[in-house]
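Step one of this worksheet: look at the structure below.
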Amino acid sequence: MTASLLEVDQQRVHFTLPGDGLIWPGKKTLKAVDGISFTLKPGETLGVVGESGCGKSTLARGILGLVPVTSGSIKLNGVELTELSRRDMREQRRTMQVVFQDPLASLNPRMTVGEIIAEPLKVYNPEMSSKDLKQQVVSMMDRVGLLPNLINRYPHEFSGGQCQRIGIARALILKPKLLICDEPVSALDVSIQAQIINLLMELQQEFGLAMVFIAHDLSVVKHISHRVMVMYLGKVVEMATREELYKNPKHPYTRALIDSIPLPDPELERNKKINTLDGDLPSPLAPPSGCAFRTRCPKAHDRCKEAAPDLEVFENNHSVACWDPN
Amino acid sequence: MSAGNAATLESVSQQQEIKGRSLWDDAFYRLLKNKAAMVSVVILSILMILVIFAPLFSPFAFDEVDWDLISSAPDMASGHIFGTDSNGRDMFVRTLYGGRMSLMVGVLATLVSLIIGISYGATAGYIGGRTDAIMMRIVDILYAMPFMFFVILLMVFFGRNIYLIFIAIGAINWLDMARIVRGQTLSLKGKEFVEAALANGVSTPRIIFRHIVPNLLGIVVVYVTLTIPQVILVESFLSFLGLGVQEPNTSWGALVSLGAQNMENAPWVLLFPGVFLAVTLFCFNFIGDGLRDALDPKDR
Amino acid sequence: MSILEVNDLSVKFSVRDGEVAAVNKVSFELEKGEILGVVGESGSGKSQLVLSMLGLLASNGETSGSVKFDGQELIGMKPSALNQIRGDRVSMIFQDPMTCLNGYLSIAKQMTEVLTLHKGMDYKTALARSTEMLDAVKIPDAKNRIMRYPHEFSGGMRQRVMIAMSLLCKPDLLIADEPTTALDVTVQAQIIELLNDLKDDFGMSIIMITHDLGVIAGISDNVLVMYASRAVEYAPVHGLFESPNHPYTKALLRSIPRLDNTAHEDLYAIPGNPPNLLHLPEGCAFAERCDHQKEKCLEDRPLLRSVSEGRQKACHLDELP
């Protein structure tokens with residue numbers, strides 16, 4: 001068995017917000033990520049799925065050290081990240097990189113493509129000659145499918161898909177071991193989505209990357225992930241290998257997520273039994289008692305109100321947090 | 001039209017590198033199309049050239065007294081095309097000399113406030129938290145000082161000195177700049193490209209000066225073009241009160257002040273510096289408005 | 001009888017580098033009670049198409065062609081007359097409901113205003129009717145909720161409020177511009193279900209603009225596929241998904257990640273990027289990305305032509321291999 005590259009154990013990210021009181025507002029705690037654990041092997045992809053507000057982006061930011069982690073441990077290559085000094089953390093950042101959701105917003109509008117891609121290199125190899133720098137940038141641009149003669153162009157001159165390629169080139173120029181993709185294709189058109197997903201899969205093979213791939217719907221994750229984790233209000237509700245999860249979803253929320261993706265086939269789409277969830281995601285500031293999903297769950301009963309179910313492991317390494325799994 | 005641009009990029013020949021069109025280029029193009037702003041730029045350029053070079057070619061020095069022609073009206077024959085003042089000095093040269101002083105105060109004091117304001121504001125905004133709170137409270141305290149009192153105090157202690165005016169004006173003006181820059185920085189800080197830089201291990205000073213400041217410059221440039229006329233006015237006001245430049249040196253404000261005293265019998269002494277001052281202020285304001293529209297096309 | 005007839009509708013925008021042809025000679029008809037899906041990628045002109053019909057283009061846009069709504073020509077109509085039609089007989093919902101709702105006014109105030117303005121109702125009846133409409137879009141506790149402000153609603157609820165507002169005057173035509181794009185999948189499913197129900201209750205026609213073929217499959221009767229400012233295929237929904245006639249439609253269908261097949265093969269990706277609308281190619285705009293490209297495609301632009309009963313396509317190929 002290969003050793004894990006990333007080990008996340010009981011990660012919690014809580015934010016303190018001012019409360020409602022007028023004169024003495026007090027404090028409210030927003031549990032954006034509430035005790036999430038997983039491991040990731042080199043070359044493996046973990047898909048993280050959940051609706052907006054479920055904490056999936058905060059989970060990623062916590063791993064990257066962009067938001068302070070309240071408690072828990074994050075180990076990268078055996079190094080505990082939560083206890084590192086700023087300087088040591090900077091050193092670790094070489095091995096983990098990130099691709100953001102909004103391709104244009106994640107690129108500095110005042111810098112040329114060449115400068116953007118070269119920046120991480122400059123930070124870690126300040127003595128590198130500008131010729132070497134440019135050569136590396138050009139070969140990386142070529143690798144992600146950008147014409148190298150566009151090196152002096154500015155981000156706003158590119159389409160969304162190309163901007164995402166620039167973002168990927170920047171993330172990969174340091175040859176990281178871990179790539180965290182925060183909804184990298186949500187803002188792209190369907191035909192371009194497929195291009196980017198395929199590109200990421202190719203690059204994963206080539207660089208032996210481990211990836212955390214975040215998305216808000218299960219269809220996108222299906223092609224790229226080895227394992228899939230479904231989140232609801234800061235907690236894992238289900239985690240399994242891709243084959244297992246899509247074939248045999250055990251949690252009613254996963255079931256509902258799968259059902260609500262419209263199928264591009266009028267026969268199937270119109271005849272599928274409608275199992276839409278009622279209502280919206282509850283406020284993470286005031287989560288329901290017991291199981292957080294019970295307010296929208298078609299199968300909720302008294303027990304769900306009283307206590308939250310723990311993540312329980314079934315056969316095939318399929319873990320579910322539900323009192324009454326399928 | 002970014003999708004469109006992208007496709008042209010693809011079809012362009014593969015060999016040579018293509019020069020990109022930065023946001024500045026786009027803004028510059030929009031500015032070129034703004035007639036009021038362009039006319040102002042031309043007028044202001046002519047004015048600057050006049051102010052800097054014309055006195056060199058004038059037959060009169062700025063402090064030279066023509067005893068025969070005291071308070072004489074503008075007259076081609078005598079060579080005093082703007083007339084002379086009550087001391088018999090040539091108004092043309094004095095107006096241009098005053099312009100030198102006024103513009104210099106305007107530009108230099110603004111530059112001082114610009115450098116302090118940007119560094120201070122961007123640092124406070126980017127670091128945030130307690131540092132931000134302390135830095136901004138200092139600004140608040142400085143704000144609370146009455147400006148005129150501050151200037152008069154300086155004059156009393158150190159004597160009248162032109163450099164003191166730079167310092168006094170610059171020391172007050174950077175406060176506005178710092179506040180504006182801090183506000184902008186706070187909104188830029190949340191942008192994904194800053195997060196991306198952080199995730200890439202880019203150091204704090206580099207993030208501030210490479211990622212935050214260039215994106216602030218748009219609003220700063222606009223603010224600068226609106227600050228220069230403001231500073232010129234403040235200097236004029238100080239000179240009008242007699243706290244500004246010292247004779248025989250002069251500025252537009254000092255000239256207007258003198259002119260106002262003899263308005264009835266020698267209106268030209270007031271008229272020419274007044275017109276120059278007004279035109280300059282107009283031009284700067286038009287350019288500022290033009291720049292604002294050019295840099296932020298969405299707001300129109 | 002058709003409620004909407006669009007003929008050779010074109011939209012041009014003048015920009016720094018010339019003229020952008022955002023919509024190019026698009027024609028279609030819409031029957032009473034029909035749902036037309038308009039699909040296309042960003043920049044294909046699908047939004048500009050409907051905005052131009054209602055005279056809502058940005059100031060540098062120019063519309064030509066003809067749009068007949070219930071026999072009335074909308075293009076070139078006086079703004080005041082157009083205003084009468086907009087909101088009363090035709091209404092629109094957008095991707096982001098927050099941009100259309102005024103954050104400083106209560107929902108009740110905003111909804112009753114529409115009725116007092118267009119229908120001359122008094123406040124009390126207007127309020128009763130608004131509440132009824134919120135009930136119709138399944139907002140729980142509508143009576144109390146109506147007094148709230150937009151920011152007190154969640155994204156999905158806001159979109160419901162928008163839909164309720166657009167239905168207040170019982171419009172003949174509802175235009176929905178990507179109404180579910182900003183929503184989560186579970187909420188999207190709720191909204192689509194709602195629109196399907198409402199269509200039957202109100203008997204209106206709907207133009208549904210989206211980039212999601214899954215949404216189209218679930219809701220529309222006919223589909224108009226747009227690519228680079230032109231209509232490339234028009235077909236009844238079942239026909240389109242069973243046997244797409246245009247290579248673009250076919251490629252688009254293939255590139256959607258699907259949940260219903262169990263194989264985990266690679267995704268099909270359409271190569272390249274959409275063309276620049278400033279310099280559209282002489283021939284077929286899709287030719288460069290097309291698997292079946294022929295010499296003719298590069299020189300000669302295919303026009304939209306009938307291929308079988310109720311189906312049209314703009315492609316030189318007769319049969320897709």
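Keep in mind the model is a prediction, meaning the values are calculated, not measured. Naming: A, B, ... by sequence-line order, numbering from 1 per chain. Reckoned from all heavy atoms, side chains included, excluding hydrogens, waters and symmetry mates.
- For C:Gln188, the part lying near chain A is the side chain, with the backbone staying farther off; criterion is any non-hydrogen pair under 4.5 Å.
- Within residues 209-225 of chain C, the residues having any heavy atom less than 4.5 Å from a heavy atom of chain A are, in residue-number order, C:His211, C:Asp212, C:Leu213, C:Gly214, C:Val215, C:Ile216, C:Ala217, C:Gly218, C:Ile219, C:Ser220.
- Within the model, atoms OH of C:Tyr268 and OG of A:Ser191 stand 10.0 Å from one another, a figure rounded to the nearest 0.5 Å.
- Proximity to chain A is limited to the side chain of C:Arg289, based on heavy atoms less than 4.5 angstrom apart.
- Contact tally against chain A (heavy-atom pairs below 4.5 Å) for C:Leu183, C:Val185, C:Thr186, C:Thr181: the top residue is C:Thr186.
- Using a 4.5 Å heavy-atom cut-off against chain A, the contacting residues of residues 151-159 of chain C are C:Ser154, C:Gly156, C:Met157.
- Neither the backbone nor the side chain of A:Leu188 comes within contact range of chain C; no heavy atoms are under 4.5 Å apart.
- The 12-atom threshold is exceeded at NZ of C:Lys250, counting heavy atoms of other residues, nucleotides or ligands nearer than 6.0 Å.
- Within 6.0 Å of atom NZ in A:Lys56, more than 12 heavy atoms from other residues, nucleotides or ligands are found, so the atom counts as buried in its surroundings.
- Of the possible polar contacts, none joining the A:Asp189 side chain to the C:Glu41 backbone as a donor-acceptor pair under 3.5 Å is found.
- Within 6.0 Å of CG in C:Asp197 there are more than 12 heavy atoms belonging to other residues, nucleotides or ligands.
- For C:Pro140, no part sits under 4.5 Å from any heavy atom of chain A, backbone or side chain.
- When each of A:Pro266, A:Ala194, A:Ser219 is scored by its heavy-atom pairs under 4.5 Å with chain C, the top score falls to A:Pro266.
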Any chance you could lay out the side-chain contact (heavy atoms from CB on, under 4.5 Å) test for C:Ile270 and A:Ile192, step after step, and finish with the verdict? CA-CA 7 Å; C:Ile270 307 178; A:Ile192 308 297; over 6 Å; no
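- Among residues 210-218 of chain A, the residues having any heavy atom closer than 4.5 Å to a heavy atom of chain C are, in sequence order, A:His216, A:Asp217, A:Leu218.
- In this structure, the side chain of A:Gln195 engages the main chain of C:Gly272 through a donor-acceptor pair within 3.5 Å.
- Under a cut-off of 6.0 angstrom, the local environment of NZ in A:Lys299 is crowded, with over 12 non-hydrogen atoms contributed by other residues, nucleotides or ligands.
- Note that CZ of C:Phe241 is 11.0 Å distant from CG of A:Leu268, once rounded to the nearest 0.5 Å.
- Sorted by first then second residue, the salt bridge (Lys or Arg N to Asp or Glu O under 4.0 Å) pairs that include residues 194-205 of chain A, not counting sequence neighbours, are A:Arg143-A:Glu202.
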A:Arg270 vs C:Val237, side-chain contact (heavy atoms from CB on, under 4.5 Å): CA-CA, chis, key distance, verdict: CA-CA 12 Å; A:Arg270 283 164 205 224; C:Val237 69; 3.7 Å; yes
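- Summarising the local packing, CD of A:Glu206 is surrounded by more than 12 heavy atoms from other residues, nucleotides or ligands at distances under 6.0 Å.
- Each of A:Ser52, A:Ser260, A:Cys54 was compared with C:Asp184 under the side-chain contact (heavy atoms from CB on, under 4.5 Å) criterion, and only A:Ser52 meets it.
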